[in-house]
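Per chain, numbering begins at 1; letters A, B, ... match sequence-line order.
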Amino acid sequence: MPAANQALASLLHEMSQMLDLLGEDSFRASSHARAARAIEDLPHDIASMDRKQLLEVQGIGPKMADKILEFAATGEVKEHKELASRVPPGLLMLLQIPGLGPKIVRAMWTQCSICDIPSLKKCIDDGTILGVPRMGQKQVNKIKAAIALAEQGQQRLWLGRAYALAERFASRLRELPMVERVEPAGSLRRGRDTVGDIDILVAIRPGHDHEAAQIGEAFRTTPGVTQVLVAGDNKSSVRASLNFDVGRWKRTVDEGEQGPTIQVDLRVLPLASWGAALMYFTGSKEHNVRLRERALKMGMTLNEWGLFPEDDEKTPPQARGVKPVAAATEEEVYAALKLPYIPPECREDRGECDCNTPIRLVEVADIKAELHAHTTASDGQLSIEELAEAAKARGYHTIAVTDHSRSSAVAGGLTVERLLTHINAVRSAKVKGITILAGSEVDILADGTLDYPDDILKQLDIVVASPHAGLTQDPPTATARMLKAIGNPYVHIVGHPTGRLINRRAGLSPDLAAIIKAAQEHDVALEINSHWMRLDLRDSHVREAVKAGCKIAIDCDVHARDEFDNIRFGVATGRRGWLTPELCINTWDAERLHGWLKSKGGR
DNA sequence: ATGGATGTCCATGCCGCCAGCATTGGCGG
């Protein structure tokens, strides 16, 4: 996303929150939030759009268009400043605390003069906070715990870390005899690049309802649990340590230090409502609302217990023994709503409910080639043969050896002489049943030129061009840099196009629409780097690229044997962008893939 | 503030759960 879009989106988001806090028209507030989301999804730099183009975007009307134009011209929005002068800045922080919404924060502000976390703590300590309506001791206890967490600097957890943690709980639960099904839900199941907490759903085997307590017990005693928050029969919540057994990313922790934790929730359900519950807990919220709205229009009502006929009674249908129209599987609930099955990765209310035909998305099993991998020649851990054997063991027909180029000195980048030697070594390496390609991951230098001259590049079977340094460039410079690289006739794939590291650095913010258009025109594939710290391209970029018909490569950027497993995260990101096998070059058969590679640069 | 149906007004995503000070408002999915 262009940097200006991100900045404007957060500014509009703040405006929305400030309008809520001031108690102004709530529809004005949600309009700002909607516009912020629309701008986050835009592939174009808002600075390059005129009023007419802006008005075509759903959720942007005349007033919002003026604000966007003002921001593009001056870098600020007057109305935002006016609102900010009326709302203490600390109040926005308070909204981050789970359980505190705009109404309660507003009440705390107007009645107790609470304007930030310190003054909130003071009012908790002296008890004056209990004077706020709907604020009792239980609420206060929750808020206290939430503040403690907020002060630890909680951030959303990387998908790869969350997956490993969820699997640790899930595999323990799957072993229990009274357990029928286990499935992590929430944003983890939707494959978002980061997750806020982990929800695990368990269906109890019919006739074993009385054994539910044992499931909760097993869950709460899973190694790595540091604290039990809720211990009911059908619902448990714990905090689990991230430092415990997370493979090679394990950090050293001082004795006694707890380190970062994440909340993990368990819900135990009857098998009969499994589908409806799985849908509810998978979300997204926006997708759920869309489905429930649709159910209403069809004379039904949808909740986490099932899809029921609407009967205008006040009490929930499941409490009255009403038989659901559908509930046991997600497939039957979607079918009853006259929708094709919607894959979890697409459940974001981004048009998936308007699509009448099932979308055949790329799957892990479709992937037949890894086109970005490193060996001991640069910073990888495997030899050429070991790498090829590992790829073959996964059923791949092709592995590309793409070690770093000379400018990536810290990563052991190859000089031209070493590269030529390496090409020979790759070409003489033979592993039966798999094609080993001689390639390079060539640095895209800050000015957009590549790290090897063209006469070297054309000797390679495959060229992955990636940005590694100069990742703080301004957007126009970054755009020009990437466009220049894409224009090089020897480039096949642009590797991790923005260079972001999730939770670490933002990376480049080029005009993605321009990059995608150029890639499509020059027949260059854009990479989804599957490492969970990168996931770059990100989901929204993939969606735009797919719309434009741009080719996509999903690669693991393999440095070690177990990194092939990261493919699931890259594929999930692709699926979030509605990527089909056809546009994903890693799914092509050997003949088609090799033919395409050879068609470039007059090879 | 937006967008849809009109020709300027009108509605604005659903549903369950929880705490509370009690029959509802706020929150979260």
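Spacing between dG3(B) and dG13(B) at atom C1', rounded to whole Å, works out to 14 Å. Separation of the C1' atoms belonging to dC17(B) and dT23(B) is 15 Å when rounded to the nearest angstrom. Atom P of dC21(B) sits at a distance of 12 Å from the matching atom of dG26(B), rounded to the whole Å. Here the separation of dA11(B) from dT6(B), taken at their C1' atoms, is 14 Å to the nearest Å. Taking atom C1' on both nucleotides, dG4(B) is separated from dG20(B) by 40 Å, rounded to a whole Å.
When heavy atoms are screened at a 4.0 angstrom cut-off, Gly59(A) is found touching the sugar-phosphate backbone but no base atom. Contacts of Leu100(A) with the nucleic acid, taken as non-hydrogen atoms under 4.0 Å apart, involve only primed sugar atoms and P, OP1 or OP2. Among the protein residues, Gly283(A) comes within range of no part of the nucleic acid, since none of its heavy atoms lies under 4.0 Å from any strand. At a threshold of 4.0 angstrom between heavy atoms, the contacts of Val57(A) are confined to the sugar-phosphate backbone, with no base atom among them.
If you take CG of Leu55(A) and P of dA1(B), they are 14 Å apart, rounded to a whole angstrom. The CD atom of Glu286(A) sits 9 Å away from the C1' atom of dG29(B) (whole-angstrom rounding). In this structure, Gln58(A) places its CD atom 10 Å from C1' of dG4(B), rounding to the nearest Å. Between the CG atom of Leu278(A) and the P atom of dG29(B) there is a distance of 16 Å, given to the nearest Å. Distance, Arg28(A) CZ to dG3(B) P: 16 Å, rounded to whole Å. For the pair Ile39(A) CD1 and dA1(B) P, the interatomic distance rounds to 15 Å; values are reported in whole Å. Gln263(A) has its CD atom 12 Å from the P atom of dG28(B), to the nearest Å. Spacing between atom CG of Leu95(A) and atom P of dC27(B) amounts to 9 Å, rounded to whole angstrom units.
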Could you run through nucleotides 14-21 of chain B and give me one letter per nucleotide, 5' to 3': B if any protein heavy atom sits under 4.0 Å from the base, S if only the sugar-phosphate is that close, - if neither?
-> BBSS-BSS
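Using a cut-off of 4.0 Å between Lys/Arg side-chain N and Asp/Glu carboxylate O, Glu348(A) and Arg190(A) are scored as salt-bridged. The existence of a salt bridge linking Glu330(A) and Arg189(A) is confirmed by a sub-4.0 Å separation between a basic side-chain nitrogen and an acidic carboxylate oxygen. Ionic pairing of Asp20(A) and Lys103(A) is not present here: no N-O contact between side-chain nitrogen and carboxylate oxygen is shorter than 4.0 angstrom. The residues Glu167(A) and Arg174(A) are annotated as salt-bridged, a charged nitrogen and a carboxylate oxygen being separated by less than 4.0 angstrom.
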Please report the C-alpha distance between Arg575(A) and Asp539(A) in whole Å, then the side-chain angles of each, then the deciding distance to 0.1 Å, and finally whether the salt bridge (charged side-chain N to carboxylate O under 4.0 Å, His left out) criterion is met.
-> CA-CA 8 Å; Arg575(A) 290 167 65 84; Asp539(A) 52 8; over 6 Å; no
Step by step, work out the side-chain hydrogen bond (donor to acceptor under 3.5 Å, both in side chains) result for Ser540(A) and Arg350(A).
-> CA-CA 10 Å; Ser540(A) 56; Arg350(A) 295 202 161 105; over 6 Å; no
Residues Asp265(A), Ser237(A); criterion side-chain hydrogen bond (donor to acceptor under 3.5 Å, both in side chains); working and verdict = CA-CA 4 Å; Asp265(A) 294 339; Ser237(A) 292; 2.7 Å; yes
Between Lys52(A) and Glu56(A), does a salt bridge (charged side-chain N to carboxylate O under 4.0 Å, His left out) hold up when you go through it step by step?
-> CA-CA 7 Å; Lys52(A) 184 164 163 287; Glu56(A) 282 169 9; 3.8 Å; yes
For Thr194(A) and Arg156(A), run side-chain hydrogen bond (donor to acceptor under 3.5 Å, both in side chains): C-alpha distance rounded to whole Å, both residues' side-chain angles, the deciding distance at 0.1 Å, then the answer.
-> CA-CA 6 Å; Thr194(A) 57; Arg156(A) 291 176 63 87; 2.9 Å; yes
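Considering only side-chain atoms of Asp197(A), the nucleotide from dG4(B), dG29(B), dG13(B) that sits closest is dG29(B). In this structure, the nucleotide among dC27(B), dT2(B), dG3(B) sitting nearest to the side chain of Ile104(A) is dC27(B).
Secondary-structure annotation of DNA chain B gives the stems B:1-5 with B:8-12, B:14-19 with B:24-29, with a stem taken as at least 3 successive Watson-Crick or G-U pairs whose two distances both fall under 3.5 Å.
Residue Trp305(A) qualifies as open at atom CH2: its count of foreign heavy atoms under 6.0 Å is 12 or below.
Of the two residues contacting DNA chain B, namely Arg37(A) and Met64(A), the nearest-nucleotide position lying further toward the 5' end is that of Met64(A).
Taking the six-membered ring where tryptophan is involved, the planes of His287(A) and Tyr334(A) are tilted, since the angle between them lies from 30° to 60°.
Tested against His32(A) for a side chain to side chain donor-acceptor pair (under 3.5 Å), the candidates Glu14(A), His13(A), Lys67(A) yield a single pass: Lys67(A).
Between dG25(B) and Lys103(A), no contact under 4.0 Å exists linking OP1 or OP2 to a side-chain N or O.
Shown for residues 17-27 of chain A: residues whose heavy atoms fall under 4.0 angstrom of DNA chain B, namely Asp25(A), Phe27(A).
Cation-pi geometry between Arg347(A) and Tyr341(A) is satisfied (NZ or CZ under 6.0 Å from the ring centre, within 45° of the ring normal).
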